[in-house]
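In what follows, a single structure is set out as structure tokens and then discussed.
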Amino acid sequence: MSANLPAESPPEVGVLLAAAGRGERAGRGEPKQFRPIGGIPMLLRAIRPFAQHPCVRQIVVALPAEFAARPPEWLAELRGPRVSLVAGGSTRSASVAAALAALDPACSIVLVHDAARPFVSRETIDAVIAAAQSGAGAVAALPVGDTLKRVPPPGDRILETVARSDLWRAQTPQGFPRAVLAAAYARAAETGEPATDDAQLVERLGHPVRVVPDRSTNLKVTTADDFLLAEALALR
Ligand code: CTP
Ligand code: MG
């Protein structure tokens, strides 16, 4: 490395946006990621903080195949060297894998984010990038605040209260050195073992993954009620 370079030059960050779901729990109508919140489509709100970030070189958005082929106008307008659109898959992991395969090779740090989280803060993005740059995986997360009960199906009887002191809720973005995430997805393709987030695949490699304290405003919009909360957050 040249002696003239700063010790830590800014990383080239690639962002994979998982937006290929059907939004079934949000009810009928267009897929939730395209629905407006405070007049702005949820996916556009999710893209913006990354598009405005100086370290982000490229954003790859995984969409349902029919929307990748014919995106809404506001999304088609963004397409270019910095934003590309790909067809996702039948699971979230397959969608992220498709986006990763399309990512600019120059991106050495990769952030994965759910289009269903339209209110991620700049502070969280910065903290996840910094942790990933140090070599570990990084998960935006919140300490669990509720009391947790174990209720074995099919009944409604509580078996026990689960100690929560060391439990965190994993959110997104999740950030990784690119080689680590690529290795995790290569292994997942071999084993076929399902995972509900990207960190889980990296944990299986035995690679360290850390939590980065996030804000509760970075909520995931899942149900119709969540849209009510999101509308209120959009007023801030
Ligand atoms: N996602 C994806 N590809 C899939 C499934 C989900 O890219 N095959 C994305 C969703 O678009 C969303 C994120 O993963 O941004 C988190 O998933 P979730 O909140 O479960 O969204 P949906 O799968 O769309 O909703 P539902 O499970 O209610 O159908
Ligand atoms: Mg889903």
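Here the structure is a predicted model, which is why all the values come from computation and not from measurement. Read the numbers this way: they start at 1 and go in the same order the structure lists the ligands and their atoms.
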What is the nearest protein non-hydrogen atom to [atom], stated with its residue, atom name and distance?
atom                    : answer
atom 8 (N) of ligand 1  : Gly89 O, 3.0 Å
atom 13 (C) of ligand 1 : Asp114 OD1, 3.3 Å
atom 7 (O) of ligand 1  : Ala20 N, 2.8 Å
atom 9 (C) of ligand 1  : Ala18 O, 3.5 Å
atom 21 (O) of ligand 1 : Lys32 NZ, 3.2 Å
atom 24 (O) of ligand 1 : Gly23 N, 2.8 Å

Does Arg169 CZ have over 12 foreign heavy atoms under 6.0 Å away?
->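 No, CZ of Arg169 has 12 or fewer neighbouring heavy atoms, counting only those of other groups under 6.0 Å.
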
Backbone or side-chain N or O of Ser95 under 3.5 Å from ligand 1 N or O |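 Min N/O separation from ligand 1 is below 3.5 Å for Ser95.
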
Just distances here: any N/O of Ala26 and N/O of ligand 1 closer than 3.5 Å?
->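 N/O-N/O distance under 3.5 Å: no.
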
At a 4.0 Å cut-off, with the gap strictly under it, does some heavy atom of Arg117 reach an atom of ligand 1?
->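 No heavy atom of Arg117 comes that close to ligand 1.
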
Pairwise side-chain contact, [X] with [Y], heavy-atom cut-off 4.5 Å (strictly under):
X      : Y      : result
Glu231 : Pro36  : no
Leu63  : Val86  : no
His53  : Asp126 : yes
Leu148 : Thr161 : no

Quick check on contacts: which atoms of ligand 1 are under 4.0 angstrom from a heavy atom of [X]?
X      : answer
Glu24  : 25 (O), 26 (P), 28 (O), 29 (O)
Lys220 : 18 (P), 19 (O), 20 (O)
Ser90  : 8 (N)
Ala116 : 15 (O)

Does ligand 1 have a heavy atom under 4.0 Å from the side chain of Thr91, from its backbone, from both, or from neither?
->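 Within the 4.0 Å criterion, Thr91 contacts ligand 1 through backbone atoms alone.
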
Nearest heavy atom to atom 14 (O) of ligand 1, choosing from Arg92, Arg22, Arg25, belongs to Arg92

Could you name the option among Ser93, Ala19, Gly21 that has the heavy atom nearest to atom 1 (N) of ligand 1?
->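 Closest candidate by heavy-atom distance is Gly21.
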
Side chain to side chain contact (heavy atoms under 4.5 Å, CB included) evaluation trace for Ser84 with Gln58 | CA-CA 8 Å; Ser84 68; Gln58 194 193 23; 3.6 Å; yes

Which distance, rounded to the nearest 0.5 Å, do you find between the CD1 of Ile59 and the CZ of Arg48?
-> 12.0 Å

Which value, rounded to the nearest 0.5 Å, describes the distance between Cys107 atom SG and Leu16 atom CG?
-> 9.0 Å

Is it possible for you to check whether Arg45 lies under 6.0 Å from the centre of the six-membered ring of Phe119, through NZ or CZ, and within 45° of that ring's axis?
->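 Pair Arg45/Phe119 does not count as cation-pi.
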
Taking 4.0 angstrom as the limit, do Asp198 and Arg92 come out as a salt bridge?
->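 Yes.
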
